[in-house]
Colleague: 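Quick one: this structure, given as structure tokens, is what I'll be asking you about.
The analysis underlying the following values was restricted to heavy atoms, covering all of them including side chains, and did not include hydrogens, waters or symmetry mates. Nothing here was measured: the structure is a model prediction, and the numbers come from that model.
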Amino acid sequence: MIGQGFAVDDVREKLFLKGASEVWGGEEMDAHPAWYFWLANSPGAYRLQLVDSGRLDEHTGSVMRGVFSVKYYPSPLEPVFSHFSPVEQALVVGETFDHTNTPKLEAQVPENLFSVGTIEFIRDLVNKQSFLTYTSLDRLRFHNFSPELNRVGEDQSTFIEEPSHPRQIPAWDLGYPLFDASVGLHAFLMRKPPKRVILSRQSGFDFFENNTGHLVQRDTDETVFKSLMVAFYPECCEEDSTFEQSLTSQLLGSPWTPILDTAAPWRCRSDSHKHTCNGRLGSQINHGHEACACTDGHRHMPDVKTTSCRSVNVDGVIWEVPLAFNEQWWLMAEAEQFMKSMCGCH
């Protein structure tokens with residue numbers, strides 16, 4: 001998928017693909033392969049690594065699943081850089097990283113650093129269905145351990161007072177561009193547009209460092225945990241939709257609260273206020289009635305329930321695409337597959 005997409009100039013340009021490289025590192029990389037990505041619409045660099053894989057159906061073995069961690073290495077020149085922890089900032093500007101804004105080959109970077117979310121890919125080979133899911137927190141917050149805090153509970157991990165925030169990053173916004181490009185690449189490779197998109201949310205959580213140095217998770221209503229699923233599948237009979245229904249139902253019931261389901265009976269409508277969305281979920285939108293107290297210029301997810309639509313013609317079929325989503329998810333299904341030059345290297 002990566003090689004085919006990067007080989008076509010038009011695909012690279014429209015999906016903001018700037019570069020990609022496999023991560024080398026011995027046996028660990030053999031078991032859990034990883035890739036670096038550079039995007040034209042993100043100042044930093046990404047690392048996508050396979051952390052879990054297997055078959056979801058034990059009998060036929062036709063449904064494959066892969067879970068990938070997403071890391072974002074921020075550029076020292078972007079405002080969000082100061083929101084990363086002092087340790088992360090020191091690694092980026094020190095001798096650990098090279099001119100590509102990624103760790104050097106011999107560098108040792110703790111796995112808990114720079115993480116922003118996960119991408120899950122499920123492929124049903126029999127029914128020719130694919131599901132890409134991006135999951136992350138709107139704000140990923142890590143707190144230092146403070147001995148002055150009052151703690152209750154058997155594990156002494158429920159904190160009464162709020163400590164400092166040494167790391168507080170807009171994780172969803174930072175990781176989303178890579179997922180956005182991945183969906184477009186998949187549409188290009190499969191020659192099919194998405195058939196269903198589900199966005200759901202639930203209450204989030206924070207991380208605290210306890211007195212042993214381990215991270216303890218604490219639920220909070222101050223952050224939001226979100227999941228976005230994009231489904232690709234052919235028009236098929238009802239009995240073939242069983243697996244699709246089992247997956248999508250997970251994001252439509254407790255503890256998830258659906259924000260948008262394109263299969264639900266809803267229609268696009270124009271709002272009295274103007275949108276300045278550029279077509280990507282997570283793009284900055286000026287709603288007029290909603291002020292942001294942040295000063296670092298990071299993007300916020302629009303209210304997709306009130307976002308107007310754009311008509312996209314794909315192979316004679318008119319799709320009403322919410323402006324919050326990238327229209328290239330649909331258009332890539334019909335993009336040219338030919339290289340303009342004999343060399344596809346970039």
Side-chain angles (χ1 to χ4, degrees), residues 2 6 15-26 28-29 32-51 68-119 134-145 163-182 206-209 213-215 223 280 282-284 294-300 346:
I2 298 173
F6 272 85
L15 295 182
F16 301 100
L17 304 174
K18 190 176 180 181
S21 175
E22 186 174 357
V23 180
W24 302 98
E28 170 60 22
M29 292 299 102
H32 301 283
W35 300 264
Y36 290 133
F37 289 90
W38 296 267
L39 304 179
N41 56 345
S42 294
Y46 291 93
R47 172 177 163 140
L48 183 71
Q49 182 170 18
L50 179 67
V51 294
F68 300 81
S69 64
V70 180
K71 293 182 182 291
Y72 182 71
Y73 303 125
S75 166
L77 301 179
E78 59 180 315
V80 78
F81 182 75
S82 62
H83 288 249
F84 282 79
S85 69
V87 173
E88 291 168 318
Q89 295 181 44
L91 288 172
V92 173
V93 300
E95 296 298 320
T96 304
F97 280 52
D98 60 22
H99 66 283
T100 67
N101 210 68
T102 59
K104 295 179 180 178
L105 181 61
E106 69 279 4
Q108 298 293 324
V109 179
E111 279 301 312
N112 63 318
L113 301 181
F114 300 104
S115 297
V116 293
T118 61
I119 293 177
Y134 173 54
T135 306
S136 183
L137 288 156
D138 64 338
R139 287 181 296 158
L140 186 56
R141 307 192 302 187
F142 286 82
H143 308 267
N144 283 334
F145 169 76
S164 61
H165 302 266
R167 182 178 191 249
Q168 182 175 205
I169 59 173
W172 175 278
D173 288 349
L174 292 176
Y176 184 82
L178 183 61
F179 178 74
D180 182 30
S182 300
D206 287 345
F207 291 98
F208 293 80
E209 183 184 13
H214 293 90
L215 291 177
T223 63
R280 292 186 297 112
S283 303
Q284 190 172 8
C294 303
T295 59
D296 62 0
H298 68 265
R299 299 179 298 273
H300 289 273
H346 294 275

Colleague: What's the separation between atom CG in Leu178 and atom CD1 in Ile119, rounded to the nearest 0.5 Å?
Modeller: 4.5 Å
Colleague: Okay, side chain of Ser136, backbone of Val116: is any donor-acceptor separation there less than 3.5 Å?
Modeller: yes
Colleague: Give me the ring orientation class for Phe142 and Phe207: parallel if the planes are under 30° apart, tilted from 30 to 60°, perpendicular past 60°.
Modeller: parallel
Colleague: Does the side chain of Phe16 come within less than 4.5 Å of Ser42's, by heavy atoms?
Modeller: no
Colleague: Just how far is it from atom CG of Asp180 to atom CG of Leu39, taken to the nearest 0.5 Å?
Modeller: 9.0 Å
Colleague: Could you work out, with side chain to side chain donor-acceptor pair (under 3.5 Å) as the rule, every residue matching Thr118, not counting sequence neighbours?
Modeller: none
Colleague: Mark yes or no for whether Tyr36, through its side chain, and Ala45, through its backbone, hold a donor-acceptor pair below 3.5 Å.
Modeller: no
Colleague: Ignoring hydrogens, what is the shortest heavy-atom contact between Tyr73 and Pro103? Give both atom names and the distance.
Modeller: CE1-CD, 3.6 Å
Colleague: About how many Å separate OG of Ser82 and CD of Gln168, when rounded to the nearest 0.5 Å?
Modeller: 11.0 Å
Colleague: State, to 0.1 Å, how close Ala171 and Leu140 come at their nearest heavy-atom pair, and which atoms those are.
Modeller: CB-CB, 3.8 Å
Colleague: Might you point out which heavy atoms bring His83 and Ile169 nearest each other, and give the distance in Å?
Modeller: O-CG2, 3.5 Å
Colleague: Is there a side-chain contact between Lys71 and Glu111 in this structure, where contact means two heavy atoms from C-beta onward sitting under 4.5 Å apart?
Modeller: yes
Colleague: What I'd like to find out is whether the side chain of Pro43 reaches to under 4.5 Å of the side chain of Phe81, using heavy atoms alone.
Modeller: no
Colleague: Could you check whether any side-chain heavy atom of Phe114 comes within less than 4.5 Å of a side-chain heavy atom of Val92, counting everything from C-beta outward?
Modeller: yes
Colleague: Would you call Phe84 and Arg167 a side-chain contact if the rule is heavy atoms closer than 4.5 Å?
Modeller: yes
Colleague: In Å, rounded to the nearest 0.5 Å, how long is the span from CH2 of Trp172 to OG1 of Thr135?
Modeller: 7.0 Å
Colleague: If you look at every heavy atom in Val93 and Pro76, which pair is closest and at what distance?
Modeller: CG1-CG, 3.9 Å
Colleague: If we ignore angles and hydrogens, is there a donor and acceptor under 3.5 Å between the side chains of Ser75 and Glu78?
Modeller: no
Colleague: Of all heavy-atom pairs between Val80 and Pro170, which one has the smallest distance, and what is that distance?
Modeller: CG2-CD, 3.5 Å
Colleague: Output, in order, the C-alpha distance, side-chain angles, deciding distance and verdict of side chain to side chain contact (heavy atoms under 4.5 Å, CB included) for Val23 and Gln49.
Modeller: CA-CA 9 Å; Val23 180; Gln49 182 170 18; over 6 Å; no
Colleague: Can you tell me how far apart CG (Asn41) and CG (Leu15) are? Round to the nearest 0.5 Å.
Modeller: 9.5 Å
Colleague: Do you know the tightest heavy-atom contact between Trp35 and Phe68?
Modeller: CZ3-CE2, 4.1 Å
Colleague: Quick one: does any side-chain atom of Tyr46 pair with a main-chain N or O of Leu174 as donor and acceptor, under 3.5 Å?
Modeller: yes
Colleague: Taking side chain to side chain donor-acceptor pair (under 3.5 Å) as the definition, give me every residue that meets it alongside Ser69, ordered by chain and number, with sequence neighbours left out.
Modeller: none
Colleague: Using the side chain to side chain donor-acceptor pair (under 3.5 Å) criterion, which residues pair with Thr102? Sequence neighbours excluded.
Modeller: Thr100
